[in-house]
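Notes to accompany the following structure.
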Protein chains: 2
Amino acid sequence: MMELTRKGEYAIRGIVYLAGKPMDKVYLLSDIAAAVDVPPTFLAKIFQQFSKMGLVKSFRGTGGGFMLGRAPENITLLEVVEAVEGPIIPNRCVVNPLNCERSGDCNVHPVWARVQGEVRGVLEGVTLKELASERQKV
Amino acid sequence: MMELTRKGEYAIRGIVYLAGKPMDKVYLLSDIAAAVDVPPTFLAKIFQQFSKMGLVKSFRGTGGGFMLGRAPENITLLEVVEAVEGPIIPNRCVVNPLNCERSGDCNVHPVWARVQGEVRGVLEGVTLKELASERQKV
DNA sequence: CCTAAAAAGACTTTATATGTCTTTTAGGGG
DNA sequence: CCCCTAAAAGACATATAAAGTCTTTTTAGG
């Protein structure tokens with residue numbers, strides 16, 4: 001349960017790779033895909049989503065490619081995950097209490113809201129800079 | 001992302017309903033299913049899993065049905081969810097670091113471990129008794 | 001205008017979720 | 001012992017989502 005999809009996994013690998021590179025250069029999608037071992041066509045879709053969210057900048061044509069949209073220390077893991085997986089929602093009823101049948105007496109609702117908060121909190125506290133750094137205390 | 005499946009939702013509804021009833025009686029699956037508005041055949045599967053985990057006791061034949069396996073205050077939401085959804089695993093690599101390619105320098109790993117811990121912590125802190133109670137502070 | 005590379009969208013395949021149906025097993029009562 | 005009730009077990013069916021591919025279009029450089 002609560003498992004990150006492969007898409008999410010790939011997304012993290014790809015953007016962390018970028019975050020570990022000099023920021024003012026452009027990198028070919030095909031090179032990134034090869035480096036992090038992800039199907040290039042699939043990674044293309046993922047980076048398109050990143051691009052829409054401003055997490056990366058894209059350049060077409062000759063000499064084109066991708067670069068990080070912001071400094072790695074200003075991009076959180078939460079943003080990366082939500083960019084490709086959508087918002088973190090443990091339960092429908094967290095979004096819209098009306099989906100909660102008998103929402104009036106549903107004691108489970110606040111629990112899911114708490115779960116959501118905790119998860120977002122953890123992911124929000126981690127930046128790409130930390131993830132891309134050589135090695136750090138575990 | 002991280003969404004509870006309908007199975008999990010149904011499971012909670014079903015067992016919380018049981019938890020709200022006098023404990024020393026037996027309840028027909030068909031009645032429970034009707035009360036919580038879940039397809040009876042599906043709820044049957046769910047309760048079979050509960051039964052294997054000892055969360056409920058089942059009785060066959062005439063006068064048979066289900067009752068809670070333990071007192072509601074001794075069953076946590078975590079147990080219920082994991083009984084039907086399996087363990088809470090934000091990422092494969094949390095289970096087995098060997099699945100982590102380049103696990104040596106993977107800084108994401110500990111983050112997922114932390115997420116897992118937080119989620120389990122929240123769910124473990126909630127009992128069926130609380131969930132079944134008439135009304136409580138939100 | 002030719003080539004490189006991303007963008008966009010249709011399409012395919014595979015896996016998982018969501019259920020249903022049928023048969024078997026266990027228990028109670030006449 | 002037979003019959004009825006109800007859960008257990010497992011095969012089966014369908015729907016949805018994940019995972020991945022392919023083709024065409026757009027943009028930029030030389």
Side-chain angles (χ1 to χ4, degrees), chain A residues 1-15 18 25-34 36-69 81 83-87 89-92, chain B residues 1-15 18 25-34 36-69 81 83-87 89-92:
Chain A
M1 189 222 172
M2 301 239 147
E3 202 161 338
L4 191 70
T5 66
R6 218 167 296 179
K7 183 172 172 187
E9 166 106 24
Y10 293 166
I12 295 171
R13 274 201 239 162
I15 202 166
L18 256 194
K25 275 190 59 189
V26 149
Y27 301 87
L28 282 181
L29 181 78
S30 53
D31 290 349
I32 303 171
V36 301
D37 192 32
V38 170
T41 54
F42 200 7
L43 195 65
K45 292 297 178 190
I46 292 167
F47 269 61
Q48 280 172 28
Q49 292 185 259
F50 280 160
S51 179
K52 279 180 193 160
M53 310 296 295
L55 297 184
V56 303
K57 286 184 210 144
S58 72
F59 301 89
R60 295 181 173 191
T62 310
F66 291 91
M67 63 164 60
L68 221 54
V81 169
V84 298
E85 302 262 31
I89 299 170
N91 195 321
R92 279 167 274 283
Chain B
M1 189 217 173
M2 301 237 146
E3 203 161 336
L4 190 71
T5 65
R6 217 166 298 181
K7 184 172 170 184
E9 166 104 23
Y10 291 168
I12 295 171
R13 272 201 239 161
I15 202 165
L18 255 193
K25 275 189 62 189
V26 149
Y27 300 88
L28 282 181
L29 181 78
S30 52
D31 289 349
I32 302 170
V36 300
D37 193 31
V38 170
T41 54
F42 201 5
L43 195 65
K45 292 297 177 190
I46 292 168
F47 268 62
Q48 280 171 28
Q49 291 186 260
F50 281 160
S51 179
K52 278 181 194 157
M53 310 298 293
L55 298 184
V56 303
K57 285 184 211 146
S58 72
F59 301 90
R60 296 181 172 189
T62 309
F66 292 92
M67 63 165 61
L68 222 53
V81 168
V84 298
E85 302 262 32
I89 299 169
N91 195 318
R92 280 167 274 281

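Chain identifiers are assigned alphabetically (A, B, ...) following the order of the sequence lines, protein sequences preceding nucleic acid strands; residue numbering begins at 1 within each chain.
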Short side-chain N/O contact from [X] to OP1 or OP2 of [N], under 4.0 Å:
X     : N      : answer
B:S51 : D:dA8  : yes
A:S58 : C:dA5  : no
A:Y10 : D:dA19 : no

Notebook entry, point to check: Got a donor-acceptor contact below 3.5 angstrom from the A:E85 side chain to the A:T5 backbone?
Noted result: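 Checked: pair present.
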When we call it a touch if two heavy atoms are under 4.0 Å apart, what does [X] touch: a base, just sugar-phosphate, or nothing?
X     : answer
A:K52 : sugar-phosphate
A:F47 : nothing
A:S30 : nothing
A:T41 : base
A:K45 : base

Check: If pairing requires Watson-Crick or G-U wobble contacts with both distances under 3.5 Å, which nucleotide is the partner of C:dA4?
Finding: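 C:dA4 is paired, partner D:dT27.
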Check: Is the base of C:dT25 touched by the side chain of B:R60 through a donor-acceptor pair closer than 3.5 angstrom?
Finding: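 Check passes, donor-acceptor contact within cut-off.
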Notebook entry, point to check: Mind checking whether A:I15 and A:L68 have side chains closer than 4.5 Å, heavy atoms only?
Noted result: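 Yes, at least one pair of side-chain atoms sits under 4.5 Å.
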Check: Between A:G61 and A:Q48, which has a closest nucleotide on DNA chain C that is more 5'?
Finding: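 So the residue in question is A:G61.
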Show me the donor-acceptor pairs within less than 3.5 Å that the side chains of residues 51-67 of chain A make with the rest of the protein, sequence neighbours left out.
none

Notebook entry, point to check: How far does CZ of A:R13 sit from CG of A:D37, to the nearest 0.5 angstrom?
Noted result: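 The CZ atom of A:R13 sits 6.0 Å away from the CG atom of A:D37.
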